[in-house]
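For reference, the structure discussed in these notes is given below.
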Number of protein chains: 2
Amino acid sequence: MTAVTLKDRRDARKQDRRETILAVAARSFLEKGYAATSMSAIAATLGGSKGTLWSYFPSKEALFEAVLDHQTVAYRRDLEHALDLAGDLRETLTRFCRNFLEKVTSPDALALHRLVQAEHQRFPEVGRIFYERAPRATQRLLSAYLERCIANGWLRPGDSLRMARRLIGLCISGCHQRLMWGVGPASLPEAIEEDVADAVEIFIRAYAA
Amino acid sequence: MTAVTLKDRRDARKQDRRETILAVAARSFLEKGYAATSMSAIAATLGGSKGTLWSYFPSKEALFEAVLDHQTVAYRRDLEHALDLAGDLRETLTRFCRNFLEKVTSPDALALHRLVQAEHQRFPEVGRIFYERAPRATQRLLSAYLERCIANGWLRPGDSLRMARRLIGLCISGCHQRLMWGVGPASLPEAIEEDVADAVEIFIRAYAA
DNA sequence: GTGAAATCGTACTATAGAGTACGGTTTTTG
DNA sequence: CAAAAACCGTACTCTATAGTACGATTTCAC
């Protein structure tokens, strides 16, 4: 027993170190992109030597993929937490859209979005994996809820996945779109409220029973 | 007169050369991105010497910006041509959405979209300029048409620019979104028709008088 | 034909960053 | 304490590519 905990302490340290490396690397990748991020600079920020860095991740590519993996896990966990759907239709949709928009307009989410967008030519897997984990996961969650609304007779029957995509498209057609191009609104919270109200109103007019 | 035309021939050659360089560079930038594009490779493809390339564009950055400039001009010219709005509301919106989606789902448009997205951190101007010339220009054009529809009593009064953004958001919420992540549909034309039909239907239900 | 402008080929400089090698030092385990 | 694992610092190799220099050659205007 004692032997195990002692050995585990070493492993825990390694895990900690790994997390630290991922955090430092994520900062750089998200802010500067893949090409402009240098392994040497990461090693320097960490304080350790280059050899150590390479002992954790055998190459820049490996580190990059580990960072994306880490980030998408965090992204999805946040989203699922934000998407517990219960209560009145309009109210629930409004809460969902607001939570969703708040998540995806955060600086980190925008940076991640851009990073994957930028590098998914160089790393073809990256785009598909991210799509599965973030946009697709969100669509599925929302779609399942809409399915229940249809069963309850609150919404007209139809393809719930397509309906989910339309609602999400409406949500991101305003401030999110502009933020992606570096043209932010004066007040983000107000812009989000406006987008949410529009999206829900349009959606309900289109699909309510 | 003769003097002028003769001198012009030299200028015309230079102009041709410039266009050729821009075309070759655009291929590379659009396919491989900024970092992975090398000036030496462009010079090699052109066949000439590096000195000549630098005599046309004093740096890689300058060439990059010239390429983006050239591409957005082409992009906007195409769009404006595709957006002559006349006739019945539903029919006009359908034609507009179809033309728009066909343009923005073309391989070059997708690549341009990604390229600007990727590099607008390194070149902060690029994002704003592109936004002005492409998404914003489209919004303005559509918005002006919707304004007329409101005046005619076909649509309920409202903020026409916001309405335009919602319609465009609906259009790109389907296959365009997936294409951006490298997850293309089996049949693009069919997917476009589906998106167009949905978008127009939802829009009309939401805003028709 | 003649001179000027453009072009060519090639060799060069300078920089930057990925990944390696290695001998010495600290930390952890038992 | 002793052995092993991890870590450190530093110096190194290798490759890629932006940008320059320059003398030789072609093209074009007149």
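Sequence lines set the chain letters: A, B, ... in the order given, protein chains first and strands last, and positions in each chain run from 1.
If you take CZ of B:Arg18 and C1' of C:dT7, they are 18 Å apart, rounded to a whole angstrom. What separates CG of B:Leu53 from P of D:dA18 is a distance of 10 Å, to the nearest Å. If you measure from atom CH2 of B:Trp54 to atom C1' of C:dT13, you get 13 Å, rounded to the nearest angstrom. In this structure, OH of A:Tyr34 is placed 13 Å from P of C:dG17, rounded to the nearest angstrom. To the nearest angstrom, P of D:dC28 lies 12 Å from CG of B:Asp16. Regarding A:Lys60, its NZ atom lies at a distance of 15 Å from the P atom of D:dA16, rounded to whole Å. Atom CZ of B:Phe57 and atom P of D:dT20 are 16 Å apart (whole Å). Rounded to a whole Å, the CE atom of A:Met39 is 13 Å from the C1' atom of C:dT20.
If B:Gly48 and A:Ala35 are placed on DNA chain C by their nearest nucleotide, the residue sitting closer to the 5' end is B:Gly48. Place B:Arg17 and A:Ser38 on DNA chain C by their nearest nucleotides, and B:Arg17 ends up nearer the 5' end.
Interatomic distance, A:Tyr207 OH to A:Met163 CE, rounded to the nearest 0.5 Å: 6.0 Å. Atom-to-atom distance recorded for A:Arg166:CZ and B:Cys171:SG is 9.0 Å, nearest 0.5 angstrom.
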> Hey, mind stepping through A:Tyr145 and A:Phe96 against ring-ring contact (aromatic ring centres under 6.0 Å, His included) and telling me if it holds?
Replying inline: CA-CA 11 Å; A:Tyr145 170 74; A:Phe96 161 73; 8.4 Å; no

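Close to D:dA6, at under 4.0 Å from its OP1 or OP2, lies a side-chain N or O of A:Lys14. Within the structure, every side-chain polar atom (N or O) of B:Arg13 is placed at least 4.0 Å from both OP1 and OP2 of D:dT27. OP1 or OP2 of C:dC8 sits under 4.0 Å from a side-chain N or O of B:Thr52.
The backbone N or O of B:Arg27 sits nowhere less than 3.5 Å from a side-chain atom of B:Lys32 that would complete a donor-acceptor pair.
Counting non-hydrogen atoms under 4.0 angstrom, A:Tyr56 reaches the backbone sugars and phosphates but no base. Residue contacts for A:Gly47: at a heavy-atom cut-off of 4.0 Å it reaches the sugar-phosphate backbone alone, with no base atom in range.
Looking at B:Lys50, its side chain has no donor and acceptor atom pair within 3.5 Å of the base of C:dG9.
Side-chain contact, A:Gln177 with B:Arg165: no donor N or O sits under 3.5 Å from an acceptor N or O.
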